[in-house]
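For reference, the structure is listed below as structure tokens.
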Amino acid sequence: SKPFSLKELTLLVDKLAEKKKVIRRLKEEMESLHSSIQKKERDLKRVVHDLKNPLLSMGASAKRMLRRNRNGEELRILRNIYNSSVRLTGWIEDTLFSDHSSQQIKEEVKEVEIQSMVQQAIDLLKDASREKNIEIQFETSPSIPLVYCQEQLLFRAVENLLSIALRYTPGGGRIDVTVSYIEWKNGGVVEISIRDTGIGILEDDIDRIFEPFYRGRNALTEMGAGLGLSFVKEVVDLHRGRILVQSEAQKGSTFS
Ligand code: ADP
């Protein structure tokens, strides 16, 4: 083959320098998004911490009142207050402290085998899905390239999507998870898709569900803070990915 001419070489070097610049800029953007997520998580922790004590004391008061003799109706209401406060405190500890702890947020970007990551997340939810009698099916093709990402964050995002699907799918339903590779102009796209047969999302809500603290009108019977999807979206944005949702009320939803 013909050796490069000086002009071609100069062009190549210029191109490489340009690429290097782009990579540096991406890195800087990632870092700044990183610190903004960290700040939000710290703020959230503070709020949660402040909620916990009044809740505990409400529960304790309800319990004290329950010990005295009460008529049927009062008993029912007090029990309701007590049970709700116990549930809420437990939920605060579980959901916010474990899911959104900022301990793991600083991590290296590395090449990850997405299929096994998704499988691990599914395995984690096996007991919960069995208890609700919901089948989780996983399908993937063998030729998925490794993905350059922050593994722990992406793992938590997938885990969040799965557990959200589980929450909004009535017993007896199913969840289909797929990982696929879509060829694209320059490079390609790895798509993770999670389809449930749940209650679906109302059309007017769809544009807002990724906002922090937003809860859909379909979700009133489920307990939640409206933070799961906003976390997922932040992780997807951090990786310069896209998150799509398709949904039909009473039929189900697909997040990919
Ligand atoms: P939360 O579930 O705590 O309300 P999320 O951030 O997980 O908060 O979801 C935001 C809203 O999006 C929910 O309140 C619900 O209305 C809707 N939603 C999300 N995922 C689903 C789903 N798989 N099926 C039905 N509705 C969903």
Side-chain angles (χ1 to χ4, degrees), residues 36-37 40-41 43-45 47-48 51-52 55 84-85 87-102 105 118 121-122 124-126 128-129 131-139 153-179 191-239 241-256:
S36 102
I37 291 187
K40 276 190 197 150
E41 294 208 350
D43 291 348
L44 204 62
K45 265 195 166 177
V47 173
V48 168
L51 278 175
K52 212 176 118 185
L55 258 174
S84 302
S85 81
R87 247 175 20 153
L88 258 179
T89 358
W91 167 81
I92 282 176
E93 272 166 10
D94 290 356
T95 317
L96 293 179
F97 279 104
S98 62
D99 263 3
H100 295 267
S101 97
S102 55
I105 209 144
V118 171
I122 293 175
L124 258 184
L125 289 165
K126 251 194 189 127
S129 65
E131 203 169 287
K132 237 184 139 177
N133 187 27
I134 289 173
E135 200 186 338
I136 305 183
Q137 285 280 352
F138 181 34
E139 237 179 72
L153 274 185
L154 204 60
F155 178 81
R156 280 160 61 199
V158 172
E159 191 194 3
N160 259 279
L161 277 178
L162 282 168
S163 67
I164 294 169
L166 210 54
R167 274 198 297 133
Y168 291 112
T169 302
R174 58 179 287 156
I175 296 172
D176 285 286
V177 184
T178 58
V179 173
E191 183 192 66
I192 304 170
S193 157
I194 295 165
R195 186 174 80 214
D196 65 53
T197 60
I199 58 175
I201 304 163
L202 297 172
E203 223 179 299
D204 316 355
D205 282 331
I206 282 206
D207 288 339
R208 305 199 55 194
I209 53 174
F210 294 104
E211 291 172 19
F213 301 108
Y214 188 82
R215 306 208 62 220
R217 279 163 303 139
N218 61 343
L220 300 179
T221 52
E222 271 297 324
M223 193 129 93
L227 288 170
L229 286 182
S230 71
F231 169 74
V232 173
K233 184 160 187 323
E234 261 181 292
V235 173
V236 172
D237 287 347
L238 186 69
H239 289 87
R242 292 244 292 149
I243 182 155
L244 307 173
V245 53
Q246 276 177 307
S247 186
E248 201 178 329
Q250 305 308 326
K251 288 248 167 75
S253 315
T254 306
F255 285 87
S256 47

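Hydrogens, waters and symmetry mates are skipped; everything else that's a heavy atom, side chains included, is used. For ligands, and for the atoms within them, numbers begin at 1 and follow the listed sequence.
Separation of atoms CG (Leu202) and CZ (Arg217) is listed at 5.0 Å; rounding is to 0.5 Å. Note that CZ of Phe231 and NZ of Lys40 are 12.0 Å apart. Values are rounded to the nearest 0.5 Å.
Closest heavy-atom contact between Arg242 and Val236: N-CG1, 3.5 Å. For Phe210 against Leu229, the heavy-atom pair with the smallest separation is CD2-O, 3.7 Å.
For the pair Phe255 and ligand 1, a heavy-atom separation below 4.0 Å is found. Residue contacts with ligand 1 leave out Asp205, since none of its heavy atoms falls under 4.0 Å from the ligand.
Within 6.0 Å of atom CD in Gln246, 12 or fewer heavy atoms from other residues, nucleotides or ligands are found, so the atom counts as exposed in its surroundings.
The protein heavy-atom contact nearest to atom 8 (O) of ligand 1 is Gly226 CA, 3.0 Å. Nearest protein neighbour of atom 23 (N) of ligand 1, counting heavy atoms only, is Asp196 OD2, 2.8 Å. Looking only at protein heavy atoms, the nearest one to atom 20 (N) of ligand 1 is Ile164 CG2, 3.1 Å. Scanning the protein for heavy atoms near atom 4 (O) of ligand 1, the closest one is Arg215 NE, 2.5 Å. Looking at atom 13 (C) of ligand 1, its nearest protein heavy atom turns out to be Tyr168 OH, 3.5 Å. For atom 5 (P) of ligand 1, the closest non-hydrogen atom on the protein side is Leu229 N, 3.8 Å.
Each of the following atoms of ligand 1 lies closer than 4.0 Å to a heavy atom of Leu227: 6 (O), 8 (O). Less than 4.0 angstrom separates some heavy atom of Ser253 from each of these atoms of ligand 1: 22 (C), 24 (N), 25 (C).
Considering Gly200, Gly216, Ala165 only, the shortest heavy-atom separation from atom 14 (O) of ligand 1 involves Gly216. Of the listed options Asn218, Ile209, Thr169, Ile209 places a heavy atom closest to atom 12 (O) of ligand 1.
Using a 3.5 Å distance cut-off with no hydrogens or angles, the side chains of Ser247 and Ser253 do pair a donor with an acceptor. Using a 3.5 Å distance cut-off with no hydrogens or angles, the side chains of Gln137 and Glu135 do pair a donor with an acceptor.
Contact annotation: for Arg167 versus ligand 1, heavy atoms closer than 4.0 Å belong to the side chain alone.
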Trace of the side chain to side chain contact (heavy atoms under 4.5 Å, CB included) decision for Leu162 with Leu166: CA-CA 6 Å; Leu162 282 168; Leu166 210 54; over 6 Å; no
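Here the options are Ile199, Thr197, Ile201, the test is side-chain contact (heavy atoms from CB on, under 4.5 Å), and the partner is Tyr168; only Ile199 passes.
Checking only distances, Tyr214 never comes within under 3.5 Å of ligand 1, N or O to N or O.
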